Protein chains: 4
Amino acid sequence: MGKAERTKEFIIQKTAPLFNKKGYAGTSLTDMTDATGLTKGSVYGNFEDKDDVALAAFDYNMNKLIGQVREIQASERSAAGKLKAFISVYRNGAESPVLQDGCPIINTGTEADDTHPQLKEKANEALARWHKSISAIIQQGKMHGEFRENVNTVEFASLMISLIEGGSALSKMSGDGNYLTKSLDHLEMLISTQLMK
Amino acid sequence: MGKAERTKEFIIQKTAPLFNKKGYAGTSLTDMTDATGLTKGSVYGNFEDKDDVALAAFDYNMNKLIGQVREIQASERSAAGKLKAFISVYRNGAESPVLQDGCPIINTGTEADDTHPQLKEKANEALARWHKSISAIIQQGKMHGEFRENVNTVEFASLMISLIEGGSALSKMSGDGNYLTKSLDHLEMLISTQLMK
Amino acid sequence: MGKAERTKEFIIQKTAPLFNKKGYAGTSLTDMTDATGLTKGSVYGNFEDKDDVALAAFDYNMNKLIGQVREIQASERSAAGKLKAFISVYRNGAESPVLQDGCPIINTGTEADDTHPQLKEKANEALARWHKSISAIIQQGKMHGEFRENVNTVEFASLMISLIEGGSALSKMSGDGNYLTKSLDHLEMLISTQLMK
Amino acid sequence: MGKAERTKEFIIQKTAPLFNKKGYAGTSLTDMTDATGLTKGSVYGNFEDKDDVALAAFDYNMNKLIGQVREIQASERSAAGKLKAFISVYRNGAESPVLQDGCPIINTGTEADDTHPQLKEKANEALARWHKSISAIIQQGKMHGEFRENVNTVEFASLMISLIEGGSALSKMSGDGNYLTKSLDHLEMLISTQLMK
DNA sequence: AATGAATGAGCATTCATTCAT
DNA sequence: GATGAATGAATGCTCATTCAT
C-alpha cells in the first residue's frame with residue numbers, strides 16, 4: 001500500500017463516523033480536516049471532492065458492518081444461525097463503532113433521498129445486496145430441509161429488514177431500546193415459528 | 001387570526017414540505033423565500049430564526065398526518081379499526097402530501113439525532129405521543145373485551161411503530177413498495193391473530 | 001434610482017477600472033471588495049457572480065469611452081470632424097480615465113478570446129458597433145458630397161480601427177508614444193487625402 | 001544537450017502554446033502538467049517557478065515566429081522583399097502554430113502591462129527588437145538606393161508594426177479577416193508608394 | 001409588519017509552491 | 001533528476017442573520 005493509498009484509507013477511516021453521525025450536508029471540509037489533522041489541500045489531493053470522500057466513507061461503514069456480520073456467521077452452520085447473525089449485530093449496536101451512530105443504510109437513505117442521488121444509489125445498492133444475502137440464506141435453508149418450502153423468500157427478507165431497520169432507527173433516535181428489542185425478539189420468533197420446520 | 005398569525009401560518013404551510021423532503025440542513029433560507037415568495041426579512045419578522053420555522057414546520061407536518069389518521073378513525077368504532085387507521089394512512093402514503101416525502105418522525109429523527117437537539121426532541125415527543133395513542137387504543141380494546149388481556153400493550157405498540165416506520169422508510173428510499181406492503185400486511189395479521197379474540 | 005441601483009452603479013464604477021487594468025482573471029473578488037469597501041456578500045447581493053460584474057464593467061467602460069467621443073462629435077458638423085473625434089480621444093488617451101489603462105476592446109478581446117466566451121462576445125459587439133458607427137459617418141460624408149464616392153466604406157473603417165487599436169495598444173505597453181502618434185497622424189492624413197474631396 | 005536541458009526544452013515546447021492562448025493568469029500549473037504529462041515536481045525541478053516557465057515560453061514563441069520570418073527573408077534579396085516577409089507571415093497567421101493563437105507580443109503585452117512587470121519587459125524587448133530589425137532593413141534599402149531617403153525610418157517602422165499588430169489582433173478576436181487583410185494591403189501599398197523609389 | 005440591502009463567517013475548491021524520498 | 005504527497009493561502013460563492021427605513 002503506497003503512501004497515497006494509506007492516506008486515503010486514513011481519511012476515510014477518520015471521516016466515515018462523521019458522515020454516518022452528522023450526515024453528508026452536516027459534515028464540512030473543516031470537520032474533516034479537524035478529524036484527520038490534515039489540510040484541505042491534502043484531502044483534495046487524495047479525493048476528487050467531498051462527494052468522493054462521502055461515497056467512500058459509506059462503503060467503508062458498510063464493509064465494517066458486513067464484516068461484523070460475517071464474523072458471527074462464520075461460526076454458524078445453520079441457516080437460522082446465519083440469519084440470527086444479523087439480529088445479533090444490531091442487538092448489540094451500542095457497542096458497534098458503526099451502528100452506535102445508527103445504521104448507514106437508513107441514515108444515508110433518508111438524508112440523500114431527495115438531495116444526493118449518488119449517495120441514495122449507494123444506500124439502495126447496499127440495501128439490495130443485504131436483501132439478496134438474506135434471500136440466499138433462506139433458499140439455502142429450504143434446500144437443506146431446515147426451512148419450510150411454503151414461505152415466500154423475498155417477502156420474508158423484506159419483512160426482516162423492515163423490522164431491523166425500523167426498530168434500530170427508532171431506538172437510536174428515542175433512546176428507548178424497546179423498539180429495537182421488541183422488533184428483534186419478534187423477528188427471532190418468526191424465524192423459529194414461520195421459517196424453521 | 002391577525003395578519004401576523006396568517007403570515008406565520010402561510011410560511012409554515014409552504015416550507016413544511018421542504019423541511020420534510022430536504023431536511024433541516026438541506027433547506028436554505030433562500031429555498032424558503034423561493035417557496036413563499038416572501039423576503040428573508042419577512043421570515044425573520046415572523047420567526048426567531050430558521051430553527052423556529054423548522055420546529056413549527058415539523059408540528060405542522062405531524063398535525064396534518066394525525067389529521068389524516070383521525071379522519072379515518074372517526075368512522076371506526078372498533079379498537080382494531082382504529083389501529084388499522086394508521087396502517088391505512090401509511091399504505092396510501094404516496095397520495096399523502098406529507099408521507100409522499102417520507103414520515104417526518106423518521107426523516108427528522110435520523111437527521112437531527114446528532115446535529116439538532118431541539119428537532120430531535122420534537123421528533124421524539126411525536127413518537128412518544130403516537131406510542132401513547134396506540135397504547136390507549138389497545139387498552140380500550142382490552143377493556144371492551146375486543147382484545148386479549150395477555151398481550152403486552154407497550155410492546156405491541158413498539159412493534160407496530162417499528163413495522164410501520166421501517167417499512168415506510170425502506171420503501172421510500174428504495175422505491176420498492178414491498179418493504180412497506182409486507183410490513184403492513186404482517187402487522188394487520190398480528191392485529192387479527194394476536195390482538196383480537 | 002433605488003439603493004440597490006445605486007450600489008450596483010457604485011460597484012461597477014469602482015471595479016470597472018480594475019477589470020480594464022488587470023483583466024478578468026487578474027481581478028479577484030477581494031480586489032473588488034478592497035476597491036469598493038463593501039463585502040463579498042454585498043457584491044453577490046447585487047450581481048449574480050463575478051462574470052456579471054465584469055460584463056457590466058465592460059459596458060460601463062465602453063459607455064464612458066463612447067461618451068467622450070460623442071461629446072467632441074457634438075460640436076463637429078463635418079463628417080471628417082466626426083471621424084477625427086475618435087482620433088482626438090485616443091490621442092489624449094493618457095488623460096482618459098478609461099484609455100489610460102488601454103482600450104477595453106483590445107484589452108478584453110485579447111484576454112477573453114480563448115478563455116471567456118461571454119466577454120469575448122461583448123468586446124466583439126462593441127467592435128462591431130464602432131465599425132458601424134464609422135461606416136455611417138463615412139456614408140454620410142459621401143452623401144453630403146464631403147467624401148469621395150470611390151472609397152470603400154467598410155474597408156476604410158476596418159483600416160481606421162486597426163490603426164487606432166494597434167497604435168494605442170503598442171504605445172500603452174511600450175510607453176513609446178510614437179506608435180500611437182504615427183498611427184493617428186497617418187490616419188488623419190488618409191482622411192484628408194483619400195476620403196475628403 | 002543533457003537530460004535536464006532536454007526536459008526544460010520539452011516543457012517549454014508543450015506549454016508555450018498554452019501561455020500564448022490562455023495568458024499567464026489563465027494557464028495553471030495543472031494545465032502545464034496536463035500538457036506535458038509531467039509532474040509539478042518535475043516542472044519545479046527544471047524551472048524556478050511559473051514565471052520562469054512563462055518567460056521562457058514567451059522567448060520560445062518569439063523565436064519560432066522570428067524563425068518563420070527569417071526563412072522567408074532568406075530567399076529575398078531586396079529590402080522591400082524582406083519587409084514583406086513580415087507581412088507574409090502574419091497574412092498566413094491561421095497556419096502558423098504561434099500566430100493562430102494571436103501574436104505573443106500583443107497577447108503578452110496587453111495582459112502583463114499592469115500585472116506582470118517581467119513579462120511586460122520581455123514583450124517590450126521583443127517589440128523593440130522587431131522595430132530595430134525593420135529600421136535596419138529600411139536603412140539598408142536607403143543605402144542600396146532601393147528606398148527614398150526622405151522617409152523617416154523610425155516612424156515608418158512604428159506605423160508598420162501598428163498596422164500589423166492592430167489588424168492581427170482585431171481579426172483574431174472578431175473572426176473577421178478584413179481587419180488584418182486591409183491593414184496588410186495598405187501596408188504593402190505604403191511600401192510600394194512611399195518607401196520604394 | 002415588512003422590505004431591501006448589507007454583513008461576515010463559513011462553504012467547497014484550486015492555486016502555486018515545497019520537500020522528503 | 002524526478003516523483004508523489006503535502007501545504008496553506010487564496011479563490012469564487014452561499015449561508016443564516018441583522019437592521020435602517
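All figures in this text were calculated on a predicted structure; none of them were measured in a lab. Residue numbering restarts at 1 for every chain, and letters A, B, ... go by the order of the sequence lines.
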Between [atom2] on [N] and [atom1] on [X], what's the gap in Å once rounded to a whole number?
X	N	atom1	atom2	result
B/Arg6	E/dA2	CZ	P	9 Å
C/Phe19	F/dG12	CZ	C1'	12 Å
D/Lys22	E/dT14	NZ	P	14 Å
C/Lys50	F/dT14	NZ	C1'	17 Å
C/Phe47	E/dG4	CZ	P	18 Å
D/Leu29	F/dA10	CG	P	17 Å
A/Glu5	F/dT3	CD	C1'	17 Å
A/Tyr24	E/dC11	OH	C1'	11 Å

Return the [atom1] to [atom2] distance between [X] and [Y], rounded to the nearest 0.5 Å.
X	Y	atom1	atom2	result
A/Asp34	A/Thr36	CG	OG1	8.0 Å
A/His116	A/Tyr24	NE2	OH	4.0 Å
C/Met32	C/Thr27	CE	OG1	8.0 Å

Among [options], find the nucleotide with the atom closest to the side chain of [X].
X	options	result
D/Thr7	F/dA6, F/dT3, F/dA2	F/dA2
A/Lys40	F/dT11, F/dT3, E/dA12	E/dA12
A/Leu38	F/dT7, F/dT3, E/dC15	F/dT7
A/Thr39	F/dT3, E/dA12, F/dT7	F/dT7
D/Tyr44	F/dA16, E/dA12, E/dT18	E/dT18

- E/dA2 -> Watson-Crick or G-U wobble partner, both distances under 3.5 Å, gives F/dT21

Please work out if [X] contacts a base, only the sugar-phosphate, or nothing of the nucleic acid, heavy-atom cut-off 4.0 Å.
X	value
A/Ser42	base
C/Thr33	nothing
D/Gly45	nothing

- Between B/Val43 and A/Thr27, whichever has its closest DNA chain E nucleotide further toward 5' is B/Val43

- Which comes earlier along DNA chain F counting from the 5' end, the contact point of B/Asp49 or that of A/Gly37, where each point is its nearest nucleotide? A/Gly37

- Task: Decide salt bridge (charged side-chain N to carboxylate O under 4.0 Å, His left out) for C/Lys22 and D/Asp114; before the verdict, give the C-alpha distance in whole Å, the side-chain angles of both, and the deciding distance to 0.1 Å.
- Result: CA-CA 6 Å; C/Lys22 308 175 59 170; D/Asp114 301 283; over 6 Å; no

- For B/Asn107 and B/Asn20, does a side-chain donor sit closer than 3.5 Å to a side-chain acceptor? yes

- Message: When you measure from the side-chain N and O atoms of D/Asn46 to the phosphate of F/dG1, is any distance below 4.0 Å, counting only OP1 and OP2?
- Response: no

- Query: Counting only side-chain N and O atoms of A/Thr30, is one of them less than 4.0 Å from OP1 or OP2 of E/dC11?
  - Reply: yes

- Message: I'd like to know if the side chain of D/Thr15 reaches the main chain of D/Ile11, judged simply by a donor and an acceptor atom lying under 3.5 Å from each other, with no hydrogens or angles considered.
- Response: yes

